[in-house]
Protein chains: 2
Amino acid sequence: MNELEPEYLKSAGLKSTLPRLKVLDLFKNGQERHMSAEDVYQLLRDSGDNVGLATVYRVLTQFEQAGLLVRHNFEGGKSVFELNEGTHHDHIVCMQCGHVEEFYDSAIESRQKKIAAELGFTIHDHSLQIYGDCTKAKCPHRR
Amino acid sequence: MNELEPEYLKSAGLKSTLPRLKVLDLFKNGQERHMSAEDVYQLLRDSGDNVGLATVYRVLTQFEQAGLLVRHNFEGGKSVFELNEGTHHDHIVCMQCGHVEEFYDSAIESRQKKIAAELGFTIHDHSLQIYGDCTKAKCPHRR
DNA sequence: ATGCAAACGAGAATAATTATCATTCGCGCC
DNA sequence: GGCGCGAATGATAATTATTCTCGTTTGCAT
Ligand SMILES: [Mn+2]
Ligand SMILES: [Mn+2]
Ligand SMILES: [Zn+2]
Ligand SMILES: [Zn+2]
């Protein structure tokens, strides 16, 4: 578990507690980039840590509000979180294997701004996901 | 309640029942274009019809599968449905008043296709919502 | 080391949706 | 128009994701 994280939490206005450090470590040094509350809970449990599920939900929401994590609502009804690394991106999700790729397209971004302006809206946020089948070798369901 | 709807249901492979006719009528002739299961349930209840909530959920899902309705997952955790009129569009939602505007942008659509192809995905679907504040006169929260 | 507010863990509560199952309905056939 | 039967319905229980409650523990400043 990274030594710098306690300071990282402090500077985000959150006191450094064991559950928070463990969750943050998972996102910073773990295998998965996009994780649900249940994912985080199980991974912590698997590594022998005893963190309550309610605490996982609390910490994820706090991290989101502090700007450390970003929340996404992919299809499937559960929130998914990832580290906030400052740069916005959107997602394409494989409906067969769940694999997620990230992309950023400035043409799409600027068209969104234009559309919002034309319709008289001030943009706060947007959510774009493409759903399909990946044909990558890593997809266990590829043809 | 429109006289042609029984045939409309039949041709969609669904037998013409009272609850189905009422739900369909709401989407075809009602005030709201985008409605959740609870919205539909309450509107039917308000108009004196006694339709079970479970039936509303069942019918909405059946209509979606039959291609009569389209389901959207806006923020807020509940599914929202609208009449499928053949043409795809995306949505911009006011975070103050909930007002929804629809838009279609061929530049965004074609960029999505290109991105999916580059990443080795076959697109099945996509979901794009812009969230902001509307400045329209109709927004009860405008400045 | 001590104190205390903040955070935690377990489990109850809530919200949206789905499953179960006894009763009712739509519809083809007499 | 009445029968019969499988599909559809409505009430309610069950499920899933998430939040709330509350007694206990912990981080951290004194
Ligand atoms: Mn991402
Ligand atoms: Mn629409
Ligand atoms: Zn795949
Ligand atoms: Zn508005």
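In the text below, chain A, chain B and the rest are named by the order of the sequence lines, each starting its count at 1. All values derive from a computational prediction rather than experimental measurement.
Not one side-chain nitrogen or oxygen of B:Tyr57 sits closer than 4.0 Å to the OP1 or OP2 atom of C:dT18.
Here the nucleotide nearest the side chain of A:Pro19, chosen from D:dA17, C:dA19, C:dC8, is C:dC8. Between D:dA17, C:dT17, D:dG27, one nucleotide has an atom nearer to the side chain of B:Ser79 than all others, and that is C:dT17. With D:dC20, C:dG26, C:dG9 as the choices, the nucleotide that has an atom nearest any side-chain atom of A:Thr55 turns out to be C:dG9. The side chain of A:Lys78 approaches D:dT18 more closely than any other nucleotide in the set D:dT18, C:dA10, D:dC28. For A:Arg20, the listed nucleotide lying nearest its side chain is C:dC8; candidates were D:dC28, C:dC8, C:dG26. Checked against D:dG27, C:dA10, D:dT9, the side chain of B:Val59 finds its nearest nucleotide in D:dT9. Each of C:dA7, D:dA17, C:dC27 was ranked by its minimum atom distance to the side chain of A:Lys15; first place goes to C:dA7.
You'll find the ring centres of B:His89 and B:Phe103 outside the 6.0 Å limit.
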May I have the list of side-chain donor-acceptor pairs in residues 60-69 of chain B shorter than 3.5 Å, sequence neighbours left out?
{"from": "B:Thr61", "atom 1": "OG1", "to": "B:Tyr57", "atom 2": "O", "distance (Å)": "3.1"}
{"from": "B:Thr61", "atom 1": "OG1", "to": "B:Arg71", "atom 2": "NH2", "distance (Å)": "3.4"}
{"from": "B:Gln62", "atom 1": "OE1", "to": "B:Arg20", "atom 2": "NE", "distance (Å)": "3.4"}
{"from": "B:Gln62", "atom 1": "OE1", "to": "B:Arg20", "atom 2": "NH2", "distance (Å)": "3.4"}
{"from": "B:Glu64", "atom 1": "OE1", "to": "B:Arg71", "atom 2": "NE", "distance (Å)": "3.1"}
{"from": "B:Glu64", "atom 1": "OE1", "to": "B:Arg71", "atom 2": "NH2", "distance (Å)": "3.0"}
{"from": "B:Glu64", "atom 1": "OE2", "to": "B:Arg71", "atom 2": "NE", "distance (Å)": "3.4"}

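Nucleic acid contact class of A:Thr17 (heavy atoms, under 4.0 Å, all strands): sugar-phosphate only. Note on B:Ser36: nothing from the nucleic acid sits closer than 4.0 angstrom, heavy atoms only. Within 4.0 Å of A:Arg58, counting heavy atoms only, lies at least one base atom of the nucleic acid.
Taking atom CG of B:Leu18 as the reference point, atom C1' of C:dC27 lies 14 Å away to the nearest angstrom.
A donor-acceptor pair under 3.5 Å links the side-chain atoms of B:Thr135 to the main chain of A:Gly120, judged by distance alone.
With rounding to the nearest 0.5 angstrom, the OG1 atom of A:Thr122 is 11.5 Å from the CE atom of B:Met95.
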